[in-house]
Amino acid sequence: MKTKVSFPVFPAVMLLSVCFVFAACAGVDSSRIMSAINAGFASDEAQEPVFTNAEAVSAMKDALVAAAEETSGTLSKEDGYFGDAALKILLPEEASSMLSCVDKIPGGKKLVDDVVLRLNRSAEAASKDMVPIFSDAITEMTVTDGIAIVCGEDNAATEYLREKTYDRLFDLYQPKMASALEEPLVLGVSADEAWNNLTTAYNKAAGPVNAVAAISGAEEDPMPEVEVDLASYATGKALDGIFLKIEEEEKEIRANPLDYASQMIQKVFGAVKDGLIPETSD
């Protein structure tokens, strides 16, 4: 049987207000939140809340740090990106026309494979330094943020982190990715060099083909030239992978809070899992 928890008037009103502010902003059904608060007021004896606002914030910070550290450890290993079909960074969509005629480029298939491998190796190398980049955003979490995330969906912390930090993370992460792309990671060749070799060969072959097509009256180039900022593209894909892994880790924390060393994670998310602070529903 789940324990009903009574909340003193002031903490309960604060919790109710914060959760409803979050629910209104996020479009979340707050009926279960209301039910839990009402259940608390229905008890004859006033009891301490199952956890305080400060503990909720502390638990969220611990959870995000744990998720970031786990994600960094996973992605920074060899094949952290390359070996995961969901995360593997492929060539930019703008290169689709190039890929469709890669056989026409001398050594084209090998060049493509080399660039893809180096893109993923670069992302893996840059992932080693992601934890400090997340630290500031985690430190800045407010009481309102913490309670809202505790009351939120299974990926509420991930979405908070994405919304609050994506642009800043991109700006901070891109130089690391650019630096990694310039490093000779495989057989002394960097991802930038391999990409430039590939696009140069393709664009060189595309010139005469497009010229003939233009003379024939074609409205579009059959082989459009490829110009892509590889560092920006790879950074975006690398961050997509990071947030995907953080979301997976957040769901694991919510599902199995007792598996984590942090007492705040165990206390707060354990209470959420037991229904003392309800999860939102559709």
Side-chain angles (χ1 to χ4, degrees), residues 60-95 111-141 145 155 157-200 226-250 252-253:
M60 268 335 312
K61 290 180 178 180
D62 285 355
L64 285 174
V65 168
E69 290 177 346
E70 178 67 21
T71 297
S72 177
T74 298
L75 296 184
S76 62
K77 294 178 181 177
E78 183 170 313
D79 290 338
Y81 279 90
F82 189 75
D84 189 327
L87 304 180
K88 185 177 181 179
I89 302 174
L90 302 176
L91 290 186
E93 186 176 334
E94 291 88 341
L111 285 171
V112 168
D113 291 343
D114 284 349
V115 173
V116 169
L117 176 60
R118 288 172 176 80
L119 277 175
N120 287 273
R121 289 289 182 260
S122 297
E124 290 158 10
S127 295
K128 297 175 183 178
D129 299 322
M130 61 167 286
V131 174
I133 294 175
F134 280 91
S135 294
D136 288 344
I138 295 172
T139 301
E140 293 169 2
M141 181 178 291
D145 292 331
N155 66 341
T158 305
E159 289 306 306
Y160 161 83
L161 200 59
R162 187 197 304 272
E163 178 184 354
K164 298 292 185 181
T165 68
Y166 187 91
D167 290 343
R168 183 169 31 156
L169 286 169
F170 192 98
D171 291 341
L172 291 171
Y173 204 81
Q174 186 179 23
K176 295 179 180 294
M177 178 61 72
S179 177
L181 290 172
E182 294 171 358
E183 292 180 3
L185 297 177
V186 183
L187 298 178
V189 179
S190 70
D192 271 339
E193 185 177 351
W195 174 251
N196 289 335
N197 290 340
L198 176 61
T199 55
T200 297
V226 175
E227 295 182 7
V228 175
D229 181 346
L230 196 59
S232 294
Y233 165 78
T235 298
K237 289 297 183 181
L239 290 181
D240 288 346
I242 286 172
F243 286 115
L244 179 61
K245 296 302 289 185
I246 286 179
E247 181 173 331
E248 292 176 358
E249 185 64 19
E250 179 186 355
E252 178 65 21
I253 289 172

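Note that the numbering runs from 1 along the sequence shown for the chain.
Distance check: T74 OG1 to E248 CD gives 9.0 Å after rounding to the nearest 0.5 Å. With rounding to the nearest 0.5 angstrom, the CD1 atom of I246 is 7.5 Å from the CG atom of L64. Separating the CG atom in N155 from the CD atom in E250 is a distance of 6.0 Å, to the nearest 0.5 Å. Interatomic distance, K77 NZ to S127 OG, rounded to the nearest 0.5 Å: 12.5 Å. Note that CG of D229 and OH of Y233 are 12.5 Å apart. Values are rounded to the nearest 0.5 Å. Expressed to the nearest 0.5 Å, how far NZ of K176 lies from CE of M130 amounts to 11.5 Å.
Across all their heavy atoms, L119 and A234 have their closest contact at CD2-CB, 3.9 Å. Closest heavy-atom contact between K61 and I138: CE-O, 3.4 Å. The shortest non-hydrogen separation linking E247 to E159 is OE1-OE2, 4.5 Å. The two residues S76 and K128 make their nearest non-hydrogen contact at CB-CG, 3.5 Å. Nearest heavy atom pair, residue A63 against residue I253, reads O-CD1, 3.5 Å.
Side-chain contact between E124 and L75 is absent, with no heavy atoms from C-beta onward closer than 4.5 Å. Side-chain contact between V116 and I89 is absent, with no heavy atoms from C-beta onward closer than 4.5 Å. Two residues are said to be in side-chain contact when any heavy atoms from C-beta on lie closer than 4.5 Å; L90 and K88 meet this criterion. With a 4.5 Å cut-off on side-chain heavy atoms, M60 and M141 count as touching. The side-chain heavy atoms of F134 and L161, taken from C-beta on, include a pair separated by under 4.5 Å.
S72 places no side-chain N or O within 3.5 Å of a backbone atom of A68 that could act as its donor or acceptor partner. Checking side-chain atoms of N196 against main-chain N and O of D192 turns up a donor-acceptor pair under 3.5 Å.
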Distance-only criterion, 3.5 Å: show the donor-acceptor pairs between side-chain atoms of residues 79-86 and protein atoms not counting sequence neighbours.
{"residue": "D79", "atom": "OD1", "partner": "R121", "partner atom": "NH1", "Å": "3.1"}
{"residue": "D79", "atom": "OD1", "partner": "R121", "partner atom": "NH2", "Å": "3.1"}
{"residue": "Y81", "atom": "OH", "partner": "A238", "partner atom": "O", "Å": "2.7"}
{"residue": "D84", "atom": "OD1", "partner": "A86", "partner atom": "N", "Å": "2.9"}

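Under 3.5 Å, the side chains of E249 and T71 contain no donor-acceptor pair of N or O atoms.
Looking at R168 and E140, a side-chain N of the basic residue comes within less than 4.0 Å of a carboxylate O on the acidic one, giving a salt bridge.
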Review point. Please walk me through it: do L244 and D240 pass side chain to side chain contact (heavy atoms under 4.5 Å, CB included)?
Key: CA-CA 6 Å; L244 179 61; D240 288 346; over 6 Å; no
